[in-house]
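Report on the following structure.
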There are 2 protein chains.
Amino acid sequence: MISSAILDQRMEHFRARCAELGLAYTHQRMIIYRALASSDSHPTPEGIFEQVRREIPSISLGTVYKNIHTFTEAGLLREVNLLHDSLRLDANLGNHHHFVCVRCKAVTDIPEKDVAPLRLKHPLPDGFVLHRAAAELLGVCASCAASEPDLQTGSS
Amino acid sequence: MISSAILDQRMEHFRARCAELGLAYTHQRMIIYRALASSDSHPTPEGIFEQVRREIPSISLGTVYKNIHTFTEAGLLREVNLLHDSLRLDANLGNHHHFVCVRCKAVTDIPEKDVAPLRLKHPLPDGFVLHRAAAELLGVCASCAASEPDLQTGSS
DNA sequence: TGACAAAGGAGAATGATTCTCCTGTAATAG
DNA sequence: CTATTACAGGAGAATCATTCTCCTTTGTCA
Ligand SMILES: [Mn+2]
Ligand SMILES: [Mn+2]
Ligand SMILES: [Zn+2]
Ligand SMILES: [Zn+2]
C-alpha cells in the first residue's frame, strides 16, 4: 500500500495527463487507475480486475486490458516485464547483463565487466535472500535506431 | 552465433549433466540443446522449434516445450524473463530497482539509492541507445524463505 | 440539449503453453 | 544381442491470458 499523499499526487497526474491527451475521464478509468496507483505489489490485469469489480461489479475484463494499454502508452504506467509475451531462453549460464530493445524486444548480452559491479548499499528487507543480480538496460538497438532516427534522443 | 569452442564446452556439460541426472540422451534432446546452446539471441520455444525442425522434421512442439522445462530444472538453461506468465504493472514511475522472488514471483521495489549507481564502464555496442537502466535482483522473498528454510543458503 | 466520437460490455477468437493419451525407444539386466 | 520397462516423443485437445469484434452507452463539446 502507498501513502495517501503519493496516491493523491498520482491521481492528479493521471487527471492532468488525461486532459492533455484528450482521453475521456470516465468513472471506470478513474477506478482502474486508482487501483493501480494505490498498489506497490506490481499487480496483474486479473488482480486489478478483481479489485475494480468490488466498486464496479459490471466492469468487463476487456475494459481493464484496454485501459492498461491506454495508460501504458500515455506513460502513466509501466510494464515490469517487457518480455512477457513469450518465453525467452538463455544457455549462457555465466553472469552477464541484458540490453532489451523496447522496439523489437531483442535481448543483447552485455558482459559483466562492462557495467560497474552491482553492490547493495543498504541491506535487503528483512528475511530476503539474494541469489543473483544483473542489470537490465532498456533502450533501442542499433537496427531499430537506424530505421527510426527520432528514437536516438533517448527521450521516451 | 557462438564460437565453436564454447559450443563444444556447453554440449559436453549437457552430456555430463544428463548422465548425472539419469536423463535419457535422445537425439531430440541433443539437437534441441544444441540449437539453444549455439544461439546468443535468447530464442523463443517457437524459434527453437523452427530450427530443430530442419534437422528433425517430425519433431513436435510439445517435445520442445517439455525439454525446455527439463533443461531449465536441470540448470542447463535460464529463462530471461521470470515474469513472463502474466503482465505485471507498475505505477511507480520513478527510478527504482526490483527484487523478484524466484519462488512466488512477487516483485518488491528496491529504492534507487539502495544499490550502487549502474554505470557503464564500456560503451554499448555501436548504434545502441540507452533509455533506462535498473537492477534486477533475484532471490527468495521473506515469506518464501520463512516457509522453506533450505532456500536461505543462496545456493541455486 | 443534441450529435458524434470515444469508451464500455459481452462474448468469440487467438496464440502461447500445458496436458492427455498412446506409441516408440534408450537404458540396462540377463 | 535381445527382452523389459520406465522414460521420452508425437499428435492433438484443452487451458489460460490476451485481443478482437460488434454493438450499446456515455463523455465531450458546441
Ligand atoms: Mn543472455
Ligand atoms: Mn516497481
Ligand atoms: Zn530493436
Ligand atoms: Zn516469495
Using the heavy-atom set of chain A and a strict 4.0 Å cut-off, write down the first and last nucleotide of DNA chain D that makes it in, 5' to 3'. dA17(D) to dT28(D)
Can you say whether the rings of Y25(A) and F14(A) are parallel (under 30°), tilted (30 to 60°) or perpendicular (over 60°)? tilted
Suppose we screen for ring-ring contact (aromatic ring centres under 6.0 Å, His included). Which residues come up paired with Y65(B), at least two apart in sequence or across chains? none
With F99(B) via ring-ring contact (aromatic ring centres under 6.0 Å, His included) - residues at least two apart: F128(A)
If a pair satisfies side-chain hydrogen bond (donor to acceptor under 3.5 Å, both in side chains) and one of its residues is in residues 67-91 of chain B, list it, with sequence neighbours excluded. H42(A)-D90(B), R29(B)-N67(B), D90(B)-H96(B), D90(B)-H98(B)
Quick one, give me the B/S/- string for nucleotides 23-30 of chain C, reading 5' to 3', where B means a protein heavy atom under 4.0 Å from the base and S means that only happens at the primed atoms, P, OP1 or OP2. ---SS---
Report the residues that fulfil side chain to side chain contact (heavy atoms under 4.5 Å, CB included) with I6(B), sequence neighbours left out, ordered by chain and then residue number. I2(B), S3(B), R10(B)
Quick one: list whatever passes side chain to side chain contact (heavy atoms under 4.5 Å, CB included) with S41(B), sequence neighbours left out. S39(B), P43(B)
As a check of understanding: the bend across the helix from dT1(C)-dA30(D) to dG30(C)-dC1(D), end axes from five pairs, rounded to 10 degrees, works out to 40°
Remaining members of the apolar cluster that contains L23(A), side-chain heavy atoms under 4.5 Å: L21(A)
Taking only heavy atoms on the protein side, list every residue of residues 29-54 of chain B lying under 4.0 Å from any atom of DNA chain D, sorted numerically. R29(B)
Side-chain donor/acceptor pairs under 3.5 Å, residues 110-117 of chain B, sequence neighbours excluded:
none

Among residues 58-80 of chain A, which contact DNA chain C at a heavy-atom distance under 4.0 Å? S58(A), I59(A), S60(A), T63(A), K66(A), N67(A)
Do the non-hydrogen side-chain atoms of L120(B) and L137(A) ever get within less than 4.5 Å of each other? yes
